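Treat the numbers as computed from the prediction; the structure is a model and nothing was measured.
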Amino acid sequence: MLRLKSIKIYSVLLLLMAVTLTVNAKDQSGFDLAPGAVLASSSGILYASHPDKGIDAISIVSGEVVWHSDAAARPVLIRDGQLLAMANANKKGEINMISFESNSGIILSRKIYEVPNSVMANTSEGLEHKFKISANFETNPLGDIQWNHSYKLAQGTAPIEDLNKTIEDQKTYGQIIFSQSKTESGQSLLDSSSSKILEQKPVAKPIAIEGQFLPQKDGRQFTSVSKNSVLVSQVNDILLIWERYKWEIYDMKNKSLGSFLHRNSYRPFEVVGDTVLFVTSPVTNWADEKVISYPFMVNAFSLSEGKQKWSKEIKAVSYTHLRAHETGRN
C-alpha cells in the first residue's frame, strides 16, 4: 500500500511539474535547441551560428535562409521581436552584444558590457578559455541572459607527483538583466539593460524531462523543449543498422502527431506545426562501402510524411562538440 501511494504521489508531482513548465514556456518567445541554435516557434524561424561566419535566420518550413548577418556569431535570446546575439570580444574584460530586428535582420543597437578582466568572451569555446552564454527564464519570464567563464591551462602529461592533486577550475558567473516589462516598439532591448557579476550560476530548468507522461506507452518518454509535446522513443522493429529508433510524437493530451525513424534515441526537440526540429552532433557512418561523415547540423522532420524535410550544417560552438562523436543512444 505504501509503495502504491508513493507511485501515485510521484505521478502527481510529474504532472504538476509538466503543467507548471508548460505555463512558463508559453511566456517565452524562443527556446534553445543547442548552444548557438535558438528557435522562435511563433515566427517560424530558427537562428543558428553559420559554420564559417555570422548568423543564419532559417525558415522552419523550407530550410531556406531568410536573412544572414556577419555582425554577430552566436544567437542567444529571442524577446519582444528582437534577436539578441553575441559577437567575439575585441579584448578580455568585455562582452559584445548586438540586437537585431528578428524578422528582417536589421541591426537595432550594439552594446559592450564590462566584466572582470580575466574573462575572454569568445562565441566558441576553446581548449583553455570556456565562455558559455544562454537565455535564462528563471527570474524573468520574458528572459534574461546568464553566462559563465572558466580558464584552465592546457598542459601536457602531468608529473607523477601531481596526478593525485585536485585542480579546481576558476569560474566567473554573470548575468545580463533586462526589464521585467515588454520593450516599446522600435526600442532596443540593450538600451536599458545592465550586467551583474554573481557568486554562483543561476538555477536553470532542464530543457527536457524524462518520465511517464503518457500512460500505457512503451519506450522512453521525453518532453519537448516547450513542454508541449512528448516523444516516445522505441527501438525500431525493423532493426535497421543506422536508423535504430522510432520517434513517436504526441501532444500532452495523448493525441498522436506522427512518427519517423532516426539514428538517435533522443535529442532535445521542438514541434512547430507539422515539423520536428532538433540538432545532432558530428557522427560517421559506413554505407555502400564508404565512410560518410555528418557535421553538427539542425534537422527538420515532417510528422505527416514521416521523413526528413531538410537539414543544414551549423557551427559547433561547444568545444566538446568540436572533437567528440556521438553514439546512437545520445
Trainee: Which pairs count as side chain to side chain donor-acceptor pair (under 3.5 Å) when at least one residue sits in residues 296-308, sequence neighbours excluded?
Mentor: Asp274-Ser302, Asp274-Ser304, Thr280-Asn299, Asn299-Gln308, Ser302-Ser304
Trainee: Run the ring pair (Phe, Tyr, Trp, His ring centres under 6.0 Å) test against His50 and tell me which residues pass, sequence neighbours left out.
Mentor: His68
Trainee: Are Glu125 and Lys130 ion-paired here, with the side-chain N under 4.0 Å from a carboxylate O?
Mentor: yes
Trainee: Which heavy atom in Arg267 sits nearest to a heavy atom in Trp247, and how many Å separate them?
Mentor: N-CH2, 3.6 Å
Trainee: Roughly how far, to the nearest 0.5 Å, is the CD atom of Glu243 from the CG atom of Asn236?
Mentor: 7.5 Å
Trainee: Are Phe31 and Ser41 packed together at the side-chain level, in the sense that at least one heavy-atom pair is separated by less than 4.5 angstrom?
Mentor: yes
Trainee: If you define the side chain from C-beta out and look only at heavy atoms, does anything of Lys196 sit under 4.5 Å from Ile177?
Mentor: yes
Trainee: Quick one: pull up CG in Asp144 and OG in Ser194 and give me the separation to the nearest 0.5 Å.
Mentor: 8.5 Å
Trainee: Are the side chains of Val225 and Leu39 in contact, using a 4.5 Å heavy-atom criterion?
Mentor: no
Trainee: Scan side-chain atoms only and decide if Ser99 and Ser109 contain a donor-acceptor pair under the 3.5 Å cut-off.
Mentor: yes
Trainee: When you group the ILVMFWY residues by side-chain heavy-atom contacts below 4.5 Å and let the links chain together, are Ile314 and Val272 in the same group?
Mentor: yes
Trainee: List for me each residue that meets side-chain hydrogen bond (donor to acceptor under 3.5 Å, both in side chains) alongside Thr139, sequence neighbours excluded, and say none if there are none.
Mentor: none
Trainee: Ring pair (Phe, Tyr, Trp, His ring centres under 6.0 Å), that's the test. Do Phe131 and Trp147 meet it? Break it down for me.
Mentor: CA-CA 7 Å; Phe131 183 86; Trp147 58 268; 5.6 Å; yes
Trainee: Show the atom names and distances, to 0.1 Å, of all donor-acceptor pairs under 3.5 Å that link a side chain in residues 83-94 to residues at least two apart or in another chain.
Mentor:
unit_1: Asn88; atom_1: OD1; unit_2: Thr123; atom_2: N; d: 2.7
unit_1: Asn88; atom_1: OD1; unit_2: Thr123; atom_2: OG1; d: 3.0
unit_1: Glu94; atom_1: OE2; unit_2: Asn90; atom_2: N; d: 3.2

Trainee: So which atom in Gly63 and which in Lys312 form the shortest heavy-atom distance, rounded to 0.1 Å?
Mentor: O-CE, 2.9 Å
Trainee: Hydrophobic clustering (ILVMFWY, side-chain heavy atoms < 4.5 Å, transitive) - are Ile209 and Val230 grouped together?
Mentor: yes
Trainee: What's the separation between atom CG in Leu189 and atom CD1 in Ile78, rounded to the nearest 0.5 Å?
Mentor: 10.0 Å
Trainee: Go through the structure and list residues passing side chain to side chain contact (heavy atoms under 4.5 Å, CB included) with Glu114, not counting sequence neighbours.
Mentor: none
Trainee: How close do Asn140 and Phe178 get, counting heavy atoms only, and between which atoms?
Mentor: ND2-O, 3.6 Å
Trainee: Evaluate the side chain to side chain contact (heavy atoms under 4.5 Å, CB included) criterion for residues Ile98 and Ile107: first the C-alpha distance (whole Å), next the side-chain angles of each, then the deciding distance (0.1 Å), finally the verdict.
Mentor: CA-CA 7 Å; Ile98 297 175; Ile107 296 176; 3.9 Å; yes
Trainee: Can you sort out the partners of Phe301 under ring pair (Phe, Tyr, Trp, His ring centres under 6.0 Å), two or more places apart, ordered by chain and number?
Mentor: Phe260, His262, Phe278
Trainee: Quick one, Tyr173 and Ile197 - any side-chain contact, counting heavy atoms below 4.5 Å?
Mentor: no
Trainee: Looking only at non-hydrogen atoms, find the nearest pair between Ala40 and Ile60 and report the distance.
Mentor: O-CD1, 4.4 Å
Trainee: Measuring only between side-chain heavy atoms, which start at C-beta, is Phe213 closer than 4.5 Å to Phe222?
Mentor: no
Trainee: How long is the span from the NZ atom in Lys255 to the CD1 atom in Ile249, to the nearest 0.5 Å?
Mentor: 14.5 Å
Trainee: Go through the steps for Phe269 and Leu33 under the test side chain to side chain contact (heavy atoms under 4.5 Å, CB included), then give the verdict.
Mentor: CA-CA 6 Å; Phe269 73 100; Leu33 282 181; 5.5 Å; no
Trainee: Indicate yes or no for a side-chain donor-acceptor contact from Glu101 to the backbone of Ser104 under 3.5 Å, with no hydrogens or angles considered.
Mentor: yes
Trainee: Can you list, by chain and residue number, the hydrophobic cluster partners of Ile112 when the side-chain cut-off is 4.5 Å?
Mentor: none
Trainee: Is there a path from Leu190 to Leu108 through hydrophobic residues (I, L, V, M, F, W, Y) whose side chains come within less than 4.5 Å of each other?
Mentor: no
Trainee: Got a sec, which residues hit side chain to side chain contact (heavy atoms under 4.5 Å, CB included) with Ser259, two or more places apart in sequence or on another chain?
Mentor: Lys246, Glu248
Trainee: Hey, does Gln175 have a side-chain heavy atom less than 4.5 Å from the side chain of Asn136?
Mentor: yes
Trainee: Test side chain to side chain contact (heavy atoms under 4.5 Å, CB included) on Leu214 and Val232 and set out the steps.
Mentor: CA-CA 9 Å; Leu214 305 180; Val232 178; 4.3 Å; yes
Trainee: Looking only at non-hydrogen atoms, find the nearest pair between Val76 and Ser134 and report the distance.
Mentor: CG1-C, 4.0 Å
Trainee: Within this structure, what is the OG-CG distance for the pair Ser233 and Asn264, rounded to the nearest 0.5 Å?
Mentor: 9.0 Å
Trainee: For the pair Ser69 (side chain) and Gly105 (backbone), establish whether a donor and an acceptor sit closer than 3.5 Å, ignoring hydrogens and angles.
Mentor: no
Trainee: Mind telling me whether Trp242 and Tyr294 have parallel, tilted or perpendicular rings, with 30° and 60° as the class edges?
Mentor: parallel
Trainee: Looking at side-chain heavy atoms only, is the closest gap between Thr172 and Asn148 below 4.5 Å?
Mentor: no
Trainee: Rounded to the nearest 0.5 Å, how far apart are OG of Ser224 and CG of Asp251?
Mentor: 10.5 Å
Trainee: Taking salt bridge (Lys or Arg N to Asp or Glu O under 4.0 Å) as the cut-off, I'd like each qualifying pair that reaches into residues 70-85, sequence neighbours left out, listed once.
Mentor: Asp80-Lys182
Trainee: For the pair Val38 and Leu77, evaluate side chain to side chain contact (heavy atoms under 4.5 Å, CB included) and give the outcome as yes or no after the intermediate values.
Mentor: CA-CA 7 Å; Val38 179; Leu77 172 68; over 6 Å; no
Trainee: Go through the side-chain N and O atoms of Glu270 and Ser226 and say whether any donor and acceptor fall under 3.5 Å apart.
Mentor: yes
Trainee: Under the side chain to side chain contact (heavy atoms under 4.5 Å, CB included) test, which residues partner Ser195, sequence neighbours left out?
Mentor: Tyr113
Trainee: Under the side chain to side chain contact (heavy atoms under 4.5 Å, CB included) rule, collect the residues that match up with Pro51, sequence neighbours excluded.
Mentor: Glu313
Trainee: Restricting to ring pair (Phe, Tyr, Trp, His ring centres under 6.0 Å), what partner residues turn up for Phe100, sequence neighbours left out?
Mentor: Trp67
Trainee: Would you mind reporting whether Ser188 and Lys111 have side-chain heavy atoms less than 4.5 Å apart?
Mentor: no
Trainee: Ignoring hydrogens, what is the shortest heavy-atom contact between Asp32 and Ala135? Give both atom names and the distance.
Mentor: OD2-N, 3.9 Å
